[in-house]
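These notes are about the structure you will find just below.
The basis for the numbers below is simple: all heavy atoms, side chains too, and nothing from hydrogens, waters or symmetry mates.
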Amino acid sequence: MASLSLRHIYKKYPGGVTAVSDFNLEIKDKEFIVFVGPSGCGKTTTLRMIAGLEEITEGELFIGDQLVNDVAPKDRKIAMVFQNYALYPHMSVFDNMAFGLKLNKTPKEEIKRRVEEAARILDITHLLDRKPKALSGGQKQRVALGRAIVRHPKVFLLDEPLSNLDAKLRATMRTELTKLHKSVGTTFIYVTHDQVEAMTMATRIVVMKDGLIQQVDTPQNLYDNPCNIFVAGFIGTPQMNFINGSLSKDKETGDIFFNFNGNAIKLPAEKNAEGVLDEYIDKEVIAGLRPECIHDAPMQLAALSESCIEVDVDVTELMGAEIYLYLNSYAPVVEGSKEIEREYTRLIARVSSRSTSRSGDKIKVALDASRIHIFDKDTERCIVH
């Protein structure tokens with residue numbers, strides 16, 4: 001098994017295109033690391049550099065204690081599982097899984113033992129005589145994983161392996177991959193643009209944007225303590241609400257308020273520990289609030305009475321166990337005595353399925369001020385969680 005060390009890795013293409021910039025990451029043995037980000041952020045390019053399928057322009061890649069920049073892919077003891085499975089259509093499942101071992105002149109008995117062991121782990125023993133055309137998408141994915149397992153690699157690289165599966169099968173395979181990681185006890189590096197896959201499987205997540213690492217952390221810390229607006233918006237479904245407003249301070253009490261659309265939300269005193277918000281008083285900032293931190297239930301409205309606002313319910317989506325409320329908060333813009341326009345702030349709340357709020361209603365909702373994040377409007381960095 002192996003740890004990996006990526007030190008100041010760059011990937012530059014002719015024409016001045018930089019796909020990955022100054023990528024630094026230490027991956028521990030047996031970790032399940034997920035690279036996540038939008039299309040074109042450099043996550044697959046990074047994975048291919050680890051595999052040796054892309055040349056590293058600058059920087060050093062270590063697998064264990066070995067520098068592998070110039071080591072051929074076949075000698076890196078890495079197995080890669082591709083998005084399109086890449087199975088040989090004319091070979092049986094057994095032969096597909098055994099192919100790499102045969103190339104390495106592994107003894108027949110050892111090949112048989114390894115293939116049967118991998119098939120048992122993946123529950124595909126009954127498929128060993130079939131050809132790929134007789135398999136479902138989920139079965140093909142298991143065969144592709146089995147082909148990697150039999151090689152006993154130091155590191156598994158998985159490039160969006162579930163993207164071709166339907167939603168129900170993806171959910172099942174997420175569980176199976178987590179169990180597989182525990183059973184084989186090796187390092188997994190997984191690429192996806194699906195943050196649900198990242199949140200449910202990873203021990204740590206690497207969030208990327210435009211070839212740069214934005215944040216590396218555990219799934220829960222990424223969700224609770226995003227370092228900037230991009231990470232806050234990318235992690236979480238529905239995504240975090242972002243509200244443009246400003247901060248003010250009561251000169252008598254020292255209380256700090258977040259102001260938007262005529263609303264003044266009092267922030268807990270601990271938000272300004274060591275005076276981190278003082279330099280932003282009377283300046284524009286962006287507040288972030290998760291949908292589950294906006295409430296319409298009477299009990300929560302009473303408990304959070306100081307942070308209630310009026311909103312219009314635009315759309316409701318029943319999700320079974322919960323309801324998504326799409327809300328509009330607005331303040332009139334008055335010129336003289338005439339209202340000339342309305343400033344809208346759109347919010348999404350995730351509330352109980354017992355909610356009585358319906359499209360077209362004007363209701364009060366309570367914002368949980370203790371869960372508000374404040375972001376610098378210029379840099380988009382998080383000032384306080």
Side-chain angles (χ1 to χ4, degrees), residues 38 207 209-210 212 214-215 222-236 238-295 304-312 314 325-350 362-385:
V207 183
K209 179 189 177 188
D210 300 331
L212 294 167
Q214 301 295 303
Q215 189 171 352
L222 277 180
Y223 191 82
D224 293 337
N225 305 303
C227 70
N228 59 28
I229 285 177
F230 175 80
V231 175
F234 196 84
I235 300 295
Q239 79 160 30
M240 181 181 283
N241 295 289
F242 296 109
I243 309 168
N244 290 305
S246 61
L247 295 181
S248 62
K249 189 171 187 176
D250 187 303
K251 292 180 181 177
E252 293 183 6
T253 64
D255 292 332
I256 292 181
F257 294 84
F258 174 69
N259 309 285
F260 74 103
N261 290 5
N263 303 298
I265 306 298
K266 180 182 172 182
L267 299 180
E270 57 267 24
K271 294 284 185 188
N272 195 33
E274 301 178 6
V276 293
L277 293 177
D278 287 345
E279 64 179 285
Y280 292 92
I281 300 303
D282 299 324
K283 292 182 180 179
E284 290 188 352
V285 294
I286 297 173
L289 192 63
R290 296 283 182 197
E292 64 270 21
C293 301
I294 301 177
H295 309 285
L304 301 170
S305 57
E306 289 188 343
S307 57
C308 290
I309 64 171
E310 280 197 350
V311 293
D312 295 329
D314 191 13
L325 301 180
Y326 293 80
L327 310 170
N328 288 321
S329 165
Y330 72 88
V333 177
V334 179
E335 193 173 89
S337 60
K338 184 180 179 184
E339 181 181 317
I340 57 172
E341 62 176 310
R342 292 180 174 184
E343 288 184 351
Y344 279 92
T345 297
R346 289 180 168 81
L347 304 170
I348 303 175
R350 188 162 71 192
K362 184 180 286 291
I363 64 171
K364 277 191 173 182
V365 293
L367 311 185
D368 187 346
S370 68
R371 303 287 298 278
I372 288 177
H373 306 260
I374 302 295
F375 298 92
D376 186 298
K377 191 167 185 178
D378 296 324
T379 66
E380 298 191 350
R381 303 293 296 179
C382 190
I383 307 163
V384 65
H385 296 295

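- Applying the salt bridge (Lys or Arg N to Asp or Glu O under 4.0 Å) rule to Lys377 yields the partners Glu284; only residues at least two apart in sequence or on another chain are considered.
- Here CE of Met240 is found 10.5 Å from CD1 of Ile372. Values are rounded to the nearest 0.5 Å.
- Arg290 pairs by the side-chain hydrogen bond (donor to acceptor under 3.5 Å, both in side chains) definition with nothing, not counting sequence neighbours.
- Just one of Val384, Val285, Ile374 meets the side chain to side chain contact (heavy atoms under 4.5 Å, CB included) condition when paired with Tyr280; it is Val285.
- The shortest side-chain heavy-atom distance between Ile363 and Glu310 does not fall under the 4.5 Å cut-off.
- Residues forming a side chain to side chain contact (heavy atoms under 4.5 Å, CB included) with Ala264 (at least two apart in sequence, or on another chain): Phe257, Asn259.
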Residue pair Leu347, Leu289: steps toward the side-chain contact (heavy atoms from CB on, under 4.5 Å) verdict: CA-CA 9 Å; Leu347 304 170; Leu289 192 63; over 6 Å; no
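- With Asn272 contributing its side chain and Ala269 its backbone, the two residues share no donor-acceptor pair below 3.5 Å.
- Evaluation of the salt bridge (Lys or Arg N to Asp or Glu O under 4.0 Å) test over residues 362-374, restricted to residues two or more places apart or in two chains, returns Asp312-Lys362.
- Put simply, the side chain of Asn244 never gets that close to the backbone of Ile286: no donor and acceptor are under 3.5 Å apart.
- Two residues are said to be in side-chain contact when any heavy atoms from C-beta on lie closer than 4.5 Å; Cys308 and Val365 fail this criterion.
- The salt bridge (Lys or Arg N to Asp or Glu O under 4.0 Å) search around Asp255 returns Lys266, not counting sequence neighbours.
- For the atom pair CD1 (Ile294) and CZ (Arg350), the distance works out to 11.0 Å, reported to the nearest 0.5 Å.
- Closest heavy-atom contact between Phe242 and Gly233: CZ-N, 3.7 Å.
- In this structure, Glu380 has no salt bridge (Lys or Arg N to Asp or Glu O under 4.0 Å) partners at least two apart in sequence or on a different chain.
- Contacts of Asp210 classified as salt bridge (Lys or Arg N to Asp or Glu O under 4.0 Å), with partners at least two apart in sequence or in another chain: none.
- Partners of Ser305 according to the side chain to side chain contact (heavy atoms under 4.5 Å, CB included) rule, which considers only residues two or more places apart in sequence or in another chain, do not exist here.
- Looking at Ile281 and Ile256, their side chains come closer than 4.5 Å, going by heavy atoms from C-beta outward.
- Residues Phe230 and Pro38 form a side-chain contact, since some pair of their non-hydrogen atoms from C-beta on lies under 4.5 Å apart.
- Between His385 atom NE2 and His373 atom NE2 the span is 7.0 Å, to the nearest 0.5 Å.
- The distance from atom CG of Leu222 to atom CD1 of Ile235, rounded to the nearest 0.5 Å, is 5.5 Å.
- In this structure, Ser329 contributes its side chain and Thr345 its backbone to no donor-acceptor pair below 3.5 Å.
- Heavy atoms only, all atoms of each residue included: Gly236 and Tyr223 are closest at CA-CE1, 3.8 Å.
- The shortest side-chain heavy-atom distance between Lys249 and Asp278 falls under the 4.5 Å cut-off.
- Considering only residues two or more places apart in sequence or on other chains, Gln214 meets the side-chain hydrogen bond (donor to acceptor under 3.5 Å, both in side chains) condition with Asn228.
- Residue Leu367 holds its CG atom at 6.0 Å from CD1 of Ile243, rounded to the nearest 0.5 Å.
- Partners of Pro268 by side chain to side chain contact (heavy atoms under 4.5 Å, CB included), not counting sequence neighbours, listed by chain and number: Glu270, Lys271, Ala369, Ser370.
- Under the side chain to side chain contact (heavy atoms under 4.5 Å, CB included) criterion, Lys283 pairs with no residue, sequence neighbours left out.
- Scanning for side-chain hydrogen bond (donor to acceptor under 3.5 Å, both in side chains) contacts around Asp224 gives Gln220, with sequence neighbours left out.
- Going from atom CD of Gln215 over to atom CG of Asn225 covers 8.0 Å, rounded to the nearest 0.5 Å.
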Derivation of the side-chain contact (heavy atoms from CB on, under 4.5 Å) call for Val311 and Asn328: CA-CA 5 Å; Val311 293; Asn328 288 321; over 6 Å; no
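- Counting only N and O atoms by type, the side chains of Tyr344 and Asn261 include no donor and acceptor under 3.5 Å apart.
- A 4.5 Å side-chain heavy-atom check between Phe260 and Ile265 finds at least one atom pair inside the cut-off.
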